[in-house]
K.L.:
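I have a structure here, written as structure tokens, and I will follow up with some questions on it.
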Amino acid sequence: MRWTSALAIYILFWAFSVFLVLPFGVRTTHEAGGEYIPGQAESAPHEFRLGRVVLWVTVVATVLFTLFQLNYHYGWITPQTMDIAGRIEADRAR
């Protein structure tokens with residue numbers, strides 16, 4: 001795999017990991033015991049720490065990308081292993 005392809009795939013894993021990481025560790029103003037600002041949604045985070053989110057997203061994306069690269073190299077999970085209906089073999093027989 002070319003390094004440019006690997007970089008593009010890593011960026012996709014990073015963007016996907018944002019949605020995995022964002023819901024964890026969020027405390028609302030009510031949970032933190034703070035005062036609401038007029039117009040503030042009750043579900044809004046009390047304090048958003050961008051640096052912490054970026055760090056965790058990078059860790060999760062790197063782990064997932066490493067697993068992807070290892071699977072690409074060693075072929076642990078292939079389309080044939082995921083073919084429970086037997087369609088790949090049927091398409092080859094035609």
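Residue numbers start at 1 and run along the sequence shown. These values consider heavy atoms only, across backbone and side chains, with no hydrogens, waters or symmetry-generated copies.
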K.L.:
Output the distance between atom OH (Y72) and atom CZ (F65), rounded to the nearest 0.5 Å.
P.N.:
11.0 Å
K.L.:
If hydrophobic clusters are built by linking Ile, Leu, Val, Met, Phe, Trp and Tyr wherever their side-chain heavy atoms come under 4.5 Å apart, do L22 and F13 end up in the same one?
P.N.:
yes
K.L.:
To the nearest 0.5 Å, what is the distance between NE2 (H30) and CD (E35)?
P.N.:
12.0 Å
K.L.:
Between V26 and V18, is there shared hydrophobic-cluster membership here, with clusters defined by ILVMFWY side-chain heavy atoms closer than 4.5 Å?
P.N.:
no
K.L.:
From the options T62, V63, L64, select the one residue that forms a side chain to side chain contact (heavy atoms under 4.5 Å, CB included) with T66.
P.N.:
T62
K.L.:
Work out which heavy atom in F19 is nearest to a heavy atom in P23; give both atom names and the distance.
P.N.:
O-CD, 3.5 Å
K.L.:
Nearest 0.5 Å please: distance from the CZ atom of R27 over to the CD atom of E47.
P.N.:
9.0 Å
K.L.:
Is there a path from I9 to F16 through hydrophobic residues (I, L, V, M, F, W, Y) whose side chains come within less than 4.5 Å of each other?
P.N.:
yes
K.L.:
Of the non-hydrogen atoms in W76 and N71, which two are nearest, and what is the gap between them?
P.N.:
N-OD1, 3.1 Å
K.L.:
Determine the minimum heavy-atom distance between V57 and V21, stating which atoms define it.
P.N.:
CG2-CB, 3.8 Å
K.L.:
I'd like to know whether CZ of F48 has more than 12 heavy-atom contacts from other residues, nucleotides or ligands below 6.0 angstrom.
P.N.:
yes
K.L.:
What are the two closest heavy atoms between A41 and Y36, and how far apart are they?
P.N.:
O-CE2, 4.3 Å
K.L.:
With a cutoff of under 4.5 Å between side-chain heavy atoms, which Ile, Leu, Val, Met, Phe, Trp and Tyr residues group with L7?
P.N.:
W3, I11
K.L.:
For a quick test of reading the model, state the closest non-hydrogen atom pair linking A61 to W14 and the distance between them.
P.N.:
CB-CA, 3.6 Å
K.L.:
How would you list, by chain and number, every residue that makes a side chain to side chain donor-acceptor pair (under 3.5 Å) with S17, sequence neighbours excluded?
P.N.:
none
K.L.:
Quick one: pull up CD in Q40 and OG1 in T28 and give me the separation to the nearest 0.5 Å.
P.N.:
9.0 Å
K.L.:
For residues L20 and W56, determine if any side-chain heavy atom of one lies less than 4.5 Å from a side-chain heavy atom of the other.
P.N.:
no
